[in-house]
2 protein chains.
Amino acid sequence: MTESEQAPRGRATAEMVAARAKVSRVAVSRAFNPHTSLKPEKRELILKVAQELNYTPDRAARALVSGRSHLVGVIVPDVCSHWESQEIDALTTALQAEGFATLLFKTRTDYSMDEQLLAYMRGFNPDSVIAFVENVKPHTLARFLDRAVPIYIHYPQAELADDAGDEPLHDRLNVLQRDGVEQAVALLQGFGAKRIAYLSGAEKSRANGARERMLRQVMAERGLAPPVVAGGDFSYDAAYQATIDLFRVGEGADAIFAANDVGAFGVIDALRHELKLRVPEDVKVIGFDDIAQSHWKSYNLTTVKFDLDERVRALVRLILRRLTTPDAPGFQETLNTRLVVRGTVG
Amino acid sequence: MTESEQAPRGRATAEMVAARAKVSRVAVSRAFNPHTSLKPEKRELILKVAQELNYTPDRAARALVSGRSHLVGVIVPDVCSHWESQEIDALTTALQAEGFATLLFKTRTDYSMDEQLLAYMRGFNPDSVIAFVENVKPHTLARFLDRAVPIYIHYPQAELADDAGDEPLHDRLNVLQRDGVEQAVALLQGFGAKRIAYLSGAEKSRANGARERMLRQVMAERGLAPPVVAGGDFSYDAAYQATIDLFRVGEGADAIFAANDVGAFGVIDALRHELKLRVPEDVKVIGFDDIAQSHWKSYNLTTVKFDLDERVRALVRLILRRLTTPDAPGFQETLNTRLVVRGTVG
DNA sequence: TCATAGAATGAACACGTTTTCAATTCTCGT
DNA sequence: ACGAGAATTGAAAACGTGTTCATTCTATGA
């Protein structure tokens, strides 16, 4: 009966394609799923008809029965923060290539836990969740997201070469910061820096905590006095003000290690434009991330680099492996850092 | 039978909540939908039990029957481009408050049409689509997205005060650039600029075309010679190189109007660090967007501003109105621009 | 007390797909 | 030509929800 009323309104459905191609509705479903048995010429015909009718399987219906939404939730406190936006960009590209889509959610900028958001997000049924919400224990996340598998971004305390933390309970990405920080401190020490300050990121961020901890450790090993800490929150403006305070109220420094590149930009601008100090002659500056802006001539920042592509590839690997083998024990990937030398130390 | 096997694995379902609260499954559905008739104390009980079981209605199932996915597709060529990332950030926040989620897709950076992506996106059933893909006619978009309603970002040719383009066929956001450009050219002219160059954005971008067109028009009206055009693509690096070419190969300029702020940063850095020219003394620079970075001290850019919050509010209004009244004729919102004066003209 | 309207309730259906399972057809070696 | 195993096929069940509709309950007024 639906033969004549060739509905031009609304989506085409598998039933319509089946009717037009004179096959069963099930055959249409199979045509769109590889690894199912269907005579090749039949599949070809169906796909042709589908294209004519502008048909694509409805992912909501598909998700309902298969339990796979092909959505990956990404929680970010601040999309326009440079590192985050670059990671979202690369991640979206990679996920798209694998047939997934990025579902974006914003949480509080202070990096605190946001239960309400997790419950909200759960309703959308993501297959996996990458939590930039940093101070959340993975099992808390798992409790809130029952079906979706969270990926935990882990900063090992002791960064031994083979620090697997053996048998992690959850999938995680280990970020090792020692190499980059060691190279950075060595460079500063080589240029005679004595009083090194740390310009922190958001207090509750685990990344920030790990960076400060590693800096202290490396400086102690090299016989340097502990760093003075100036309180930032990963933003340009906070870094700008904190730097001014460090020199006007505090005792200053001859080198500043910032928790992220954007913060380093604030430090540099405060030094040059407000305090009339020269970078790197009077004060040396090192950042963290190596975002795209760091090579811009006005900053030309020496910084500790994550390889973004490598990081994204690792995340995608974790997601795919978990979906392929849902009951496997925790997977983990490890990411290293290294120093990129530019013009703010010298 | 499912009473005893209190499945701790997988999502809680409405059936489980109903069983535990000794009510029917329909009552659970009603408890989560306002405007349905249900005894208050019963609703309260159900919501309490639901919270205990960590239950949220499955949006895939809900979408299947109601035809509303509560997903808004956003197509971007480049997430980490500053303007885009700030818009995505604000939009996600606003949509989240209205019960929607942002579905992110990346397309080609040259702003060309991407049919494959549209078909891919359609599978996810977005309720609405905001197309940053700029050279796509709205009816083409509509054909590919049957159910989702696209929002067209429109740059009216003649920017009369009431240029509604009366009765648009599709929902659209009109962006008026005349006011900002007029103020910018007036400022440049006031400082005696004679040879104004335009550093373009991506060739296929409609925003870029509209900006160049408006600049030509305003300059002609004020008796200025047409601008020299330097070819960029909205990126820092392209702007940097194009500026060098403009002075080394071409005839230079005493003022440069960039198609976007990031491009203006490239212009400024090329002028200062490569060409050893002073900004604003030797060459004046104006940008477009007023992104957060524009007030950073190293650039301190004079620029034509969109009000981002206003823009996002307008977009959300368009989305909500269309979903409330699906068969209404095309809605439209209008957005104006104005100049923000900082330190790169003077 | 009774009639009546309105609120509250639950059974059944619908949404568009994948998956299961049994039935049918095909392929190939003897 | 025949049988066995593999490939192909379609009917029916399932996924978790919102909606319709007929029924039951409650409160109000005469």
Side-chain angles (χ1 to χ4, degrees), chain A residues 1-2 7 9-46 50 53-71 99 122-125 127 146-147 323, chain B residues 1-2 7 9-46 50 53-71 99 122-125 127 146-147 323:
Chain A
M1 55 179 75
T2 55
R9 203 98 190 82
R11 285 189 65 132
T13 159
E15 193 109 36
M16 301 181 199
V17 177
R20 206 169 206 265
K22 311 283 187 203
V23 297
S24 79
R25 196 177 50 71
V26 183
V28 177
S29 169
R30 282 199 247 267
F32 279 88
N33 294 55
H35 310 308
T36 54
S37 133
L38 185 67
K39 203 148 51 174
E41 60 245 42
K42 200 169 193 174
R43 166 168 284 145
E44 208 168 330
L45 167 66
I46 293 176
L53 261 53
N54 225 349
Y55 167 81
T56 307
D58 184 334
R59 291 187 112 111
R62 179 181 273 187
L64 199 55
V65 52
S66 74
R68 289 280 153 79
S69 64
H70 285 247
L71 295 173
R122 182 186 53 202
F124 288 95
N125 255 338
D127 288 337
D146 35 42
R147 210 197 56 183
L323 293 183
Chain B
M1 55 179 75
T2 56
R9 203 99 189 82
R11 284 189 66 129
T13 158
E15 193 108 35
M16 300 182 199
V17 176
R20 206 168 207 264
K22 310 284 186 200
V23 298
S24 80
R25 193 185 53 75
V26 184
V28 177
S29 170
R30 282 199 249 269
F32 278 88
N33 293 54
H35 310 306
T36 54
S37 133
L38 186 67
K39 203 148 52 175
E41 60 245 46
K42 201 169 193 173
R43 166 167 284 145
E44 207 168 331
L45 167 66
I46 293 176
L53 260 54
N54 225 349
Y55 167 81
T56 308
D58 182 333
R59 290 187 112 111
R62 180 182 270 186
L64 200 55
V65 51
S66 74
R68 288 280 154 77
S69 64
H70 285 248
L71 296 173
R122 183 186 52 201
F124 288 96
N125 257 336
D127 287 338
D146 36 40
R147 211 196 57 184
L323 293 183

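Basis for what follows: all heavy atoms, side chains included, without hydrogens, waters or symmetry-related copies.
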(message) Within the structure provided, determine whether L38(B) and N33(B) are in side-chain contact (heavy-atom separation under 4.5 Å).
(response) no
(message) Between P on dA12(C) and CZ on R25(B), what's the gap in Å once rounded to a whole number?
(response) 12 Å
(message) So does L323(A) get a backbone contact from the side chain of R68(A), meaning a donor-acceptor N/O pair under 3.5 Å?
(response) yes
(request) May I have the distance from E15(B) (atom CD) to dA12(C) (atom P), rounded to whole angstrom? (result) 13 Å
(message) Quick check on DNA chain D: between S66(B) and A61(A), whose nearest nucleotide comes earlier from the 5' end?
(response) A61(A)
(message) On the side chain of R59(B), is there an atom forming a donor-acceptor pair with the base of dG16(D) - under 3.5 Å, no angle test?
(response) no
(request) Identify, residue by residue, the members of residues 37-46 of chain B with a heavy atom below 4.0 Å from DNA chain D, and return them in order of residue number, or none. (result) none
(request) Say whether, by atom type as modelled, one donor and one acceptor occur between the side chain of S24(A) and the main chain of A27(A) under 3.5 angstrom. (result) yes
(request) Please figure out whether V23(B) or F32(A) has its closest DNA chain C nucleotide nearer the 5' end. (result) V23(B)
(message) Ignoring hydrogens and geometry beyond distance, is the side chain of R30(A) in donor-acceptor contact with the base of dG10(D) at under 3.5 Å?
(response) yes
(message) Applying a 4.0 Å non-hydrogen cut-off, can you work out what Y55(A) is touching in the nucleic acid: base, sugar-phosphate, or nothing?
(response) sugar-phosphate
(message) When you measure from the side chain of T56(B) to the backbone of G123(A), do you find a donor-acceptor pair of N or O atoms at a distance under 3.5 Å?
(response) no
(request) Map V26(B) and T56(A) onto DNA chain C by nearest heavy atom, then report which one ends up closer to the 5' terminus. (result) V26(B)
(message) Need to verify one output field. Residue with the more 5' nearest nucleotide on DNA chain D, L64(B) or T36(B)?
(response) L64(B)
